[in-house]
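Only one structure is covered here, and it is reproduced in the block below.
Note on naming: letters A, B, ... go to the chains in the order of the sequence lines (proteins, then strands), and numbering restarts at 1 for each one. Nothing here was measured: the structure is a model prediction, and the numbers come from that model.
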Amino acid sequence: MNKTRWAKQFQPLLASLRDLLPVILVVSAFQLLVIRQPLPDLARLLLGLLFVVIGLSLFIKGLEMGLFPIGQSMAQSFARKGSLLWLLLFGFALGFGTTVAEPALIAIADEAAEIAAAGRLISDSDQARESYARGLRYTVALSVGLAIVLGVIRIIRGWPIHWLIVGGYVCIIVITEFAPREIIGIAYDSGGVTTSTITVPLVTALGVGLASAIRGRNPMIDGFGLIALASLTPIMFVMIYGMVIH
Amino acid sequence: MKVLEGLWHTGLGTIVDVLPILLIIFGFQFLYLKRPVPNLKKVVVGFIYVLAGLAFFLEGLELALFPLGKTMAAQLTDPEFLGIAHPQNIHWSDYYWVYIFAFAVGFSTTVAEPALLAVAIKANEVSGGAIGVWGLRTAVALGVALGLVLGTWRIVTGYPLHWFIIGGYAIVVAQTIFAPRMIIALAYDSGGVTTSTVTVPLVTALGLGLAHHIPGRSPLIDGFGLIAFASLFPMMTVLAHAQIAQWRAGRPSSLSQEN
């Protein structure tokens with residue numbers, strides 16, 4: 001009894017260790033076999049890795065304790081009985097809120113601001129960098145919220161997913177022509193970054209709940225695909241953000 | 001001491017990051033569903049964990065994963081390490097260690113990804129066993145690895161990113177037309193699940209480091225884009241894998257008729 005409880009307590013820790021292990025193995029192999037030079041600041045690096053493991057475990061543990069159960073039960077109750085307007089409102093809020101807190105996006109936005117400041121795109125002050133990073137994140141969050149709204153309407157109407165995806169890519173190609181070169185890389189990357197630790201479980205719960213609540217929908221086909229849309233709209237919106245800012 | 005100070009500062013910042021979800025959850029719970037939050041105490045403790053975890057994680061990124069990616073980029077592109085006497089007429093193939101490293105990081109982090117295992121098990125069920133769990137995992141991991149190799153090669157050569165991405169999507173669209181319908185949504189999603197919270201910062205730092213150290217490249221224009229490659233290529237390899245599996249099973253229409 002006691003043993004299984006311990007195992008359960010430490011499961012997030014093991015999971016984040018497992019996430020980090022391949023990185024550590026590959027980097028150590030390269031350092032020892034190929035580069036054969038001492039890594040600078042090894043103590044700092046190890047402390048940082050420890051922080052990453054602790055942080056990721058606490059984060060996931062906390063999500064599983066509070067946010068995931070509530071969010072999933074809410075997603076299901078909205079999918080079952082909510083009026084369309086409330087359902088869409090909730091979908092938007094869910095996409096927006098989870099994306100703002102997405103750790104990888106916070107990290108990338110800060111890095112992008114750093115690079116933009118170094119390249120003299122924005123002025124090199126803490127304030128300018130912070131507002132650039134925040135603008136980037138809120139743009140991405142807004143676009144994920146809209147993607148969820150679009151995806152929910154799609155599930156209800158039963159539109160085939162690939163038409164939306166193909167249409168989206170056509171839009172991306174057109175916008176790319178007009179976007180400043182400096183933003184294109186960040187925009188394309190932000191598509192992959194948004195769909196991660198917090199967003200995926202909650203958004204999938206909404207999609208699968210919705211698809212199984214509506215007669216004649218297959219949760220397998222209709223439930224997924226929200227994520228695919230949510231990694232597409234940020235590309236467009238970040239490019240538009242770049243056109244406005246630069 | 002400085003580390004603790006950074007941790008405290010980051011911790012304060014994370015409150016702002018988590019605030020929107022808090023407002024949404026409680027707002028909708030009270031205003032629309034009109035019921036109290038179940039297990040309120042547990043939820044509050046959970047949120048404190050989330051805040052602390054985010055602070056530690058972001059601080060750890062600054063201390064470890066970002067510097068690690070940049071150091072690797074610097075070391076692997078060092079002319080002295082590559083044994084090149086005249087750095088001005090360097091050829092893209094001289095940076096072969098960069099490509100090998102990108103492949104190794106992409107493959108190993110993806111094969112171990114738990115989210116991918118869940119997707120692979122589902123795909124196995126939907127396809128009636130035609131798509132094996134290990135086959136799909138290998139396909140996705142290979143996709144990420146090849147994507148990162150091509151992505152680093154693009155940074156080295158400096159070709160415009162959108163050529164590759166738009167070309168890639170054209171291939172995905174063409175594959176979609178011929179792929180069994182059940183696998184399409186899964187294939188599209190497999191692009192998103194591969195880029196985990198640990199991989200994204202490391203890969204981004206690698207790209208920025210490469211763009212910084214390779215002569216003629218600028219981090220601003222060439223540095224980003226690796227994540228885009230890593231999310232695009234798995235779609236191609238998964239679609240290709242599904243088509244090969246279908247073709248091998250020798251019943252070309254059974255999968256598409258299921259729906």
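Note: A:Val27 leads A:Val27, A:Leu20, A:Asp110, A:Val166 in heavy-atom pairs under 4.5 Å with chain B. Ranked by non-hydrogen atom pairs under 4.5 Å with chain B, the options A:Glu64, A:Met74, A:Arg44 are led by A:Met74. Counting heavy-atom pairs under 4.5 Å between each of A:Thr98, A:Val193, A:Ile115, A:Leu202 and chain B puts A:Ile115 at the top. Taking B:Thr176, B:Ile165, B:Asp78 one by one and counting their heavy-atom pairs under 4.5 Å with chain A, the maximum is reached by B:Ile165. Counting heavy-atom pairs under 4.5 Å between each of B:Phe57, B:Phe28, B:Phe66, B:Phe47 and chain A puts B:Phe28 at the top.
At a threshold of 4.5 Å between non-hydrogen side-chain atoms, the residues A:Leu63 and B:Val50 count as touching. In this structure the side chain of A:Ile106 reaches within 4.5 angstrom of the side chain of B:Leu54, judged on heavy atoms. For the pair A:Leu45/B:Leu63, no side-chain contact is recorded, criterion being any heavy-atom separation below 4.5 Å from C-beta on. In this structure, the side chains of A:Phe59 and B:Phe56 stay at 4.5 Å or more apart for every pair of heavy atoms.
Salt-bridge check for B:Lys70 with A:Glu111: passed, with a basic side-chain N closer than 4.0 Å to an acidic carboxylate O.
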Let me check something: any side-chain donor-acceptor pairs from residues 176-186 of chain A under 3.5 Å, sequence neighbours excluded? List them with distances.
unit_1   : atom_1 : unit_2   : atom_2 : d
A:Thr176 : OG1    : A:Ile172 : O      : 2.6
A:Thr176 : OG1    : A:Tyr188 : OH     : 2.7

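Put simply, the side chain of A:Asp189 never gets that close to the backbone of B:Phe224: no donor and acceptor are under 3.5 Å apart.
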